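Heads up, the thing below is written out as structure tokens.
We number each residue from 1, following the sequence as shown. Not measured: the values here are computed from a predicted model. These numbers come from the heavy atoms of this one structure, side chains and all, not from hydrogens, waters or symmetry mates.
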Amino acid sequence: LTGTTGSGKTIMGLHLINQGCLDGKKCAIIATEETPEDLIAQAESLGMPISKYYKKGILSIERVYDERAEYIKDVLEFAVTDIDELQSNIIGLLDRIPNGAETVLIDNIGVFSLNMSPNEFRAQFDALVHGLSKKNITGMLIMDLASDERMGGIAAYSVYGVLKTSVKDNPYTGSRERVLEILKIRNTKISIDPIRFDVTASGIVILTK
């Protein structure tokens with residue numbers, strides 16, 4: 001899942017996790033840009049009560065964002081300039097997934113691509129996708145559009161489906177609206193027409209008019 005800032009990427013990911021928990025599956029979030037508390041608060045404000053699943057252990061949230069922030073603080077304090085290992089260990093995310101997890105959200109994987117060449121990113125991204133498949137995990141990998149474009153869009157070749165969210169001007173109403181495009185779903189007939197949606201107090205709502 002890729003898209004621009006504010007286009008609803010994280011919210012879509014939270015819907016996936018909430019539904020997985022509702023279905024009785026063990027779920028996990030690897031949060032690289034937000035704290036667990038922020039994600040839970042965001043989900044709760046949109047009618048997704050994931051805090052109860054978090055408290056029961058059905059949902060786990062890895063504090064990668066917190067760890068990255070603390071690491072950077074230490075790097076700056078001790079004048080260390082080599083932070084490539086921190087920024088580039090995509091494969092290592094597999095070790096962060098709890099045993100038995102069936103549904104996993106990684107948001108945002110783009111932060112690990114900052115110091116990578118497209119070739120290195122593709123190799124590590126392929127390994128991550130393969131690892132998820134071997135573990136029989138349904139995964140949603142969110143990557144911000146800027147990072148995706150910087151890597152030449154090569155992540156799309158490794159995954160089973162590609163979704164893209166954006167915010168566009170509607171020439172008929174003069175208003176801005178969020179749009180979802182389904183660019184690829186293997187072995188599935190899909191429409192190429194963009195899908196308009198809104199974010200409400202009950203989460204994402206598909207607009208039909």
Side-chain angles (χ1 to χ4, degrees), residues 1-17 28-35 38-39 42 61-62 64-65 67-69 72 83-97 103-133 137-169 176-188 190-199 204 206:
L1 171 60
T2 187
T4 54
T5 299
S7 61
K9 302 185 300 300
T10 296
I11 297 172
M12 288 206 171
L14 291 173
H15 270 286
L16 171 75
I17 292 298
I29 301 174
I30 297 179
T32 70
E33 292 187 315
E34 297 183 71
T35 65
D38 287 341
L39 286 171
Q42 184 176 9
I61 305 177
E62 290 291 298
V64 177
Y65 172 76
E67 293 172 15
R68 288 178 60 243
I72 291 294
I83 59 173
D84 286 352
E85 182 178 352
L86 169 73
Q87 300 287 3
S88 307
N89 190 14
I90 292 177
I91 298 175
L93 296 178
L94 288 171
D95 298 328
R96 307 296 298 262
I97 299 173
T103 303
V104 173
L105 170 67
I106 301 177
D107 181 16
N108 161 16
I109 203 167
V111 300
F112 294 96
S113 69
L114 295 175
N115 297 321
M116 284 187 176
S117 68
N119 285 341
E120 182 183 0
F121 173 78
R122 175 67 187 270
Q124 289 209 42
F125 191 79
D126 284 354
L128 174 62
V129 172
H130 179 70
L132 293 172
S133 178
I137 291 173
T138 298
M140 177 178 283
L141 312 177
I142 294 179
M143 187 173 187
D144 63 278
L145 186 61
S147 297
D148 189 43
E149 290 178 344
R150 188 173 62 251
M151 292 295 107
I154 55 178
Y157 298 105
S158 306
V159 294
Y160 282 82
V162 178
L163 307 177
K164 180 180 179 182
T165 57
S166 58
V167 179
K168 297 184 177 181
D169 293 318
R176 293 176 64 76
E177 56 190 24
R178 291 182 174 91
V179 172
L180 170 68
E181 296 173 88
I182 305 174
L183 304 182
K184 166 187 172 182
I185 299 289
R186 286 180 184 167
N187 305 317
T188 303
I190 58 174
S191 172
I192 62 173
D193 295 329
I195 301 168
R196 297 163 52 245
F197 70 94
D198 195 10
V199 177
I204 287 175
I206 302 299

Side-chain donor/acceptor of Thr188 to backbone N/O of Arg186, under 3.5 Å: yes
Compare all side-chain heavy atoms of Ile106 with those of Val64 and state whether any distance is below 4.5 angstrom. no
Hey, does Asp107 have a side-chain heavy atom less than 4.5 Å from the side chain of Leu1? no
Is there side-chain contact between Arg150 and Leu114, with at least one heavy-atom pair below 4.5 Å? yes
Going by heavy atoms in the side chains, are Phe112 and Leu128 under 4.5 Å from each other? no
Contact summary for Ala31 and Ile61, nearest pair of heavy atoms: CB-CG2, 4.3 Å
Does any non-hydrogen side-chain atom of Met143 lie less than 4.5 Å from one of Asn108? yes
Between Lys164 and Leu183, what is the shortest heavy-atom contact and its length? CB-CD1, 4.0 Å
Hey, are the side chains of Thr32 and Ile109 touching, using non-hydrogen atoms and a 4.5 Å cut-off? no
Calculate, to the nearest 0.5 Å, the distance between atoms CE and CG belonging to Met140 and Leu16 respectively. 5.0 Å
Working to the nearest 0.5 angstrom, can you tell me the gap between Asn89 CG and Leu94 CG? 9.5 Å
If we only count heavy atoms from C-beta on, is the Ile97 to Leu132 side-chain gap below 4.5 Å? yes
Heavy-atom side-chain contact between Thr165 and Arg178 under 4.5 Å: no
Does a sphere of radius 6.0 Å around CD1 in Ile206 hold more than 12 heavy atoms from other residues, nucleotides or ligands, not counting ones at 6.0 Å or beyond? yes
From Ile185 atom CD1 to Ile190 atom CD1, the distance as rounded to the nearest 0.5 Å: 6.0 Å
Out of curiosity, Lys184 NZ to Leu163 CG, how far, rounded to the nearest 0.5 Å? 11.5 Å
Ignoring hydrogens, what is the shortest heavy-atom contact between Leu14 and Leu39? Give both atom names and the distance. CD1-O, 4.1 Å
Locate the shortest heavy-atom distance separating Met116 from Met151; write the atom from each residue and the value. O-CE, 3.5 Å
Could you grab the distance from atom NZ of Lys9 to atom CG of Asp144, nearest 0.5 Å is fine? 6.5 Å
Short question: side chain of Thr4, backbone of Ser7 - any donor-acceptor pair under 3.5 Å? no
Check Pro194 against Glu181 and note the closest heavy-atom contact, atom names and distance. CB-CG, 4.1 Å
Show the nearest heavy-atom pair for residues Gly110 and Ser147, with the distance to one decimal. O-OG, 3.5 Å
Per side chain to side chain contact (heavy atoms under 4.5 Å, CB included), Phe125 is matched among Ile154, Ile91, Val159 by Val159
Go through the steps to decide whether Met12 and Phe197 satisfy the test side chain to side chain contact (heavy atoms under 4.5 Å, CB included), and finish with yes or no. CA-CA 11 Å; Met12 288 206 171; Phe197 70 94; 3.8 Å; yes
To the nearest 0.5 Å, tell me how far His15 NE2 sits from Leu105 CG. 12.5 Å
Side chain of Ser166, backbone of Lys168: donor and acceptor closer than 3.5 Å? no
Are Glu33 and Thr10 close enough, and set up right, to give a side chain to side chain contact (heavy atoms under 4.5 Å, CB included), and what steps lead you there? CA-CA 10 Å; Glu33 292 187 315; Thr10 296; over 6 Å; no
